Amino acid sequence: MTEATTAKREQLKPPTSNVGLIGWLRTNLFSSWYNSILTVVILLFLAWLVPPLFRWAFIDSLWNSSAEACRDIDGACWSVIPNNIRFIILGFFPEGQEWRPLLAMALLLGLVIYSKERSRWKKSLAWLWLINILIMGSLMHGGILGMPVVETSQWSGLPLTFILSFFGMIVAYPMGILLALGRRSQMPAIKTLCVVYIEMIRGVPLISLLFMSSIMFPLFLPEGVTIDKVLRALIAIILFTAAYIAEVVRGGLQAMPRGQYEAADSLGLPYKHTMRLIILPQALKIVIPPSVGILLSVFKDTSLVVIIALYDVLKTTMVTLSNPNWAGYSSESYIFLALLYFIFCFAMSSYSRRLEKELHTGH
Amino acid sequence: MNDPQNHIDSDKTAKPIIEIHEMHKWYGDFHVLSNINLQVQPQEKIVICGPSGSGKSTLIRCINRLEEHQRGQIIVNGTELSNDLKNIEKVRAEVGMVFQHFNLFPHLTIIENLTLGPIWVRKTPKKEAEEMAMMYLEKVQIAEQAKKFPGQLSGGQQQRVAIARSLCMNPQVMLFDEPTSALDPEMIKEVLDVMIGLAEEGMTMLVVTHEMGFAKSVADRVMFMDEGEIVEQNSPDVFFDNPQHERTQLFLSQIL
């Protein structure tokens, strides 16, 4: 009897309507009358939107022409990008020295890509980073090996965006972890300090922190002492980000079952090892999605430095558009910029998804 | 003297490895443990039973300071438990603990779970720690799973790994906090077998459990706790065949 049943079950195939193109259409687009209506409405909307957009962007457009040629066309004038690419990407970096920021950025991206593999996360990688940061710093600043000095006030465009966001993340993340641990500390002084810090920073917009760092802070410094403007903006970004990271990490710490602490305690592990080896690896893995959310917004929020007159890649684009020759082509420029931001953000978020998958250990 | 603890003859020549004197513990206003006196000799096996909420888990958790006691003394292997963190860590390294829910580290492989304590607490070289870990895994018959993660093992296997993890620290005493009560029935035996083997080798053990068969065959002393007190303790044959206290009789009638 049972054998007969199993034999029968093996022969059963899924109903035809669930497989193939028709099955797919039926389950995903036309599963009920309101889904069918939605599908039709959306199709009509796309039919209205896509062809003219496509025409504007690709058919009637010019890709590499003078500003004059663009006056006579209806489509997009992409020429604004190649004609101004040097200023958009590098801003005020001195003529003839372009290779330095370009090489620095290439080193940074190269090293980021190299660091993606978890098997390479060793002590030697940390040294590699340290050496590379020194090299990138010398490339940007110059003053050695016959490279003329370039003051930070001339650092602008994409390198500035990278510097602010990269160092913002790298420094803010461990600082946020320490703040989160501090906030959960048994010691009242440390706990209060961390709570006050986190809540104060989170109660203030980033813009006001940037203003404070660029306008108010120098007022408190003794005469003659100045702190670099880029550095001040960077510190504001780090302080701001760390507070948000701290709360995300704290969420992860709270999600840890008490049994993990108890198991570590019962082995006699001291606090620092318990945190480093048991609790943080698990807690940080839990909070990968919200952490990446914060890191993405740091990357994008660096564009707020325009208000303290730093020329990040958004500001250099805006400057390009203030040139009367190219003033009318803001859509094209902003689409280009959006793409640029999107590529980096998408790379970060897809990497985080991969990391999550790799760290999954089947529990 | 109102001492409900009819002591049985144990080897008085040996120095007790655990001494608890007039220990009290409160959770807020709730008196969880009241006037606990207990001496455990080396190699002694004690089974602690009692209704839920009687304080039996809390008692053994006090012994490695997962819970803090407020009055009295707990001395483990010559070290008194106080707020001194160094002393606490010293005691914890000597006292192994097995939990109801295993509490393995899910992000580490089985072998990493086992070597963590030896490497970071005992400062054993990694290679040596791994050899020892494999030896203990072999002992709990699970060596072939060394490279897997805890989440890939069954409950019984995880609990055996947890026992092996404690053993890797070469503990003087092993505490078991209801080691089989989270397991499916068919897995209880494999864990109990490991514990019996351990008992035969002479490990000092305090076991909170409802496995009365285990208590009868392994324990030197069975202890009954109720409402935060040690009501009665005796050798298993006396305890089960001729319980002295009404509360013990009632409890035994309910579970046997």
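Model, not experiment: these values are computed from the prediction.
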key: Heavy-atom pair of closest approach, residues His107(B) and Pro281(A)   = CD2-CB, 3.6 Å
ask   = How long is the gap from CD1 on Ile63(B) to OG on Ser266(A), to the nearest 0.5 Å?
value = 13.5 Å
request  = Pick one of side chain, backbone, both or neither for Pro257(A), based on which atoms fall under 4.5 Å of a heavy atom in chain B.
outcome  = neither
request  = Mark yes or no for whether Asn103(B), through its side chain, and Gly259(A), through its backbone, hold a donor-acceptor pair below 3.5 Å.
outcome  = yes
key: Stepwise side chain to side chain contact (heavy atoms under 4.5 Å, CB included) test for Leu267(A) and Phe105(B)   = CA-CA 12 Å; Leu267(A) 288 174; Phe105(B) 306 126; 4.0 Å; yes
ask   = Around Glu112(B), counting heavy atoms of other residues, nucleotides and ligands shown, do more than 12 lie under 6.0 Å from its CD?
value = yes
message = How close do Gly268(A) and Glu89(B) get, counting heavy atoms only, and between which atoms?
response = O-CG, 3.8 Å
task = Please name the pair of heavy atoms, one in Phe99(B) and one in Ala263(A), separated by the smallest distance, quoted to 0.1 Å.
result = CE1-CA, 3.8 Å
task = Identify which of Leu66(B), Leu108(B), Ile88(B) forms the greatest number of heavy-atom pairs closer than 4.5 Å to chain A.
result = Leu66(B)
query = Hey, does Gln260(A) have a side-chain heavy atom less than 4.5 Å from the side chain of Pro106(B)?
reply = yes
query = When you look at Leu116(B) and Leu269(A), which way does the side chain to side chain contact (heavy atoms under 4.5 Å, CB included) test go after all the steps?
reply = CA-CA 9 Å; Leu116(B) 191 89; Leu269(A) 273 185; 3.6 Å; yes
query = Has Lys90(B) got more than 12 heavy atoms of other residues, nucleotides or ligands less than 6.0 Å from its NZ?
reply = no
request  = Walk me through it: do Glu262(A) and Met97(B) pass the test side chain to side chain contact (heavy atoms under 4.5 Å, CB included)?
outcome  = CA-CA 9 Å; Glu262(A) 289 180 352; Met97(B) 176 114 183; over 6 Å; no
task = Let me know if Leu85(B) has heavy atoms under 4.5 Å from chain A in its side chain, its backbone, both or neither.
result = neither
inquiry  = Between Arg61(B) and chain A, with a heavy-atom cut-off of 4.5 Å, which part of the residue counts as in contact: side chain, backbone, both or neither?
reply    = side chain
Point-to-point distance, once rounded to the nearest 0.5 Å, from CH2 of Trp120(B) to CZ of Arg276(A) = 4.0 Å
